[in-house]
Amino acid sequence: MTEATPIRSPLQGTVVAILAEAGDVVERGSVLLLVESMKMHHDVVAPAAGRVDGWRVEVGSAVGVGDVLGAVGPSAAAAEPGSAG
């Protein structure tokens with residue numbers, strides 16, 4: 001069984017929106033949350049296909065470069081061709 005892949009912040013800023021809930025099945029590259037830095041919103045995307053295991057942050061949380069925000073774990077649905085998330 002594959003381990004969960006951490007979702008890391010690409011930059012320093014503040015979490016302004018969480019677009020995927022724990023348990024949601026997502027594809028690699030799906031936008032999961034938004035971080036605001038220098039008055040601009042930046043997408044944080046899924047590093048792998050799978051199920052969102054949960055979040056370590058909430059809207060308003062300050063984050064730094066490389067901080068683990070949550071994780072994407074394996075999901076049978078994500079592995080099926082043509083499955084919707």
Side-chain angles (χ1 to χ4, degrees):
M1 183 172 209
T2 306
E3 290 189 26
T5 302
I7 301 163
R8 297 185 181 275
S9 178
L11 69 164
Q12 181 177 342
T14 303
V15 176
V16 294
I18 297 177
L19 307 174
E21 296 181 25
D24 285 356
V25 175
V26 298
E27 295 182 19
R28 183 174 192 246
S30 298
V31 178
L32 303 178
L33 55 81
L34 300 176
V35 173
E36 182 179 284
S37 181
M38 300 182 68
K39 299 187 181 187
M40 294 180 65
H41 290 179
H42 302 272
D43 296 344
V44 176
V45 300
R51 181 182 47 81
V52 177
D53 282 347
W55 296 108
R56 294 184 179 184
V57 296
E58 57 188 28
V59 172
S61 295
V63 298
V65 176
D67 285 356
V68 176
L69 309 177
V72 175
S75 169
E80 295 173 10
S83 64

Other than Val65, which residues form its hydrophobic cluster under the rule that side-chain heavy atoms must be closer than 4.5 Å? none
Looking at side-chain heavy atoms only, is the closest gap between Ile18 and Leu32 below 4.5 Å? no
Side-chain donor/acceptor pairs under 3.5 Å, residues 37-45, sequence neighbours excluded:
unit_1 : atom_1 : unit_2 : atom_2 : d
Ser37  : OG     : Gln12  : O      : 2.9
His41  : NE2    : Glu36  : OE1    : 3.1

Minimum-distance pair of heavy atoms, taken over all atoms of Ser9 and Gly64: CB-O, 3.3 Å
Approximate separation, where rounding is to 0.5 Å, of Ile7 CD1 and Asp67 CG: 13.0 Å
Backbone of Ala48 reached by a side-chain donor or acceptor of Arg28 within 3.5 Å: no
For Ala17, side-chain contact (heavy atoms from CB on, under 4.5 Å) partners two or more places apart: Leu19, Leu34
Other than Val68, what residues sit in its cluster of Ile, Leu, Val, Met, Phe, Trp and Tyr side chains whose heavy atoms are under 4.5 Å apart, directly or through others? none
I'd like to know if Val16 and Val31 are part of one continuous hydrophobic network [Ile/Leu/Val/Met/Phe/Trp/Tyr, side-chain heavy atoms within less than 4.5 Å]. yes
With a 4.5 Å cut-off on side-chain heavy atoms, are Thr14 and Val35 touching? no
Side-chain atoms of residues 52-61: list all donor-acceptor pairs with protein atoms under 3.5 Å, sequence neighbours left out, distances to 0.1 Å.
unit_1 : atom_1 : unit_2 : atom_2 : d
Asp53  : OD1    : Arg51  : NH1    : 3.3
Asp53  : OD1    : Arg51  : NH2    : 3.3
Trp55  : NE1    : Ala20  : O      : 2.8
Ser61  : OG     : Glu58  : N      : 3.0
Ser61  : OG     : Glu58  : O      : 2.9

Heavy-atom pair of closest approach, residues Pro47 and Val72: CD-CG2, 4.2 Å
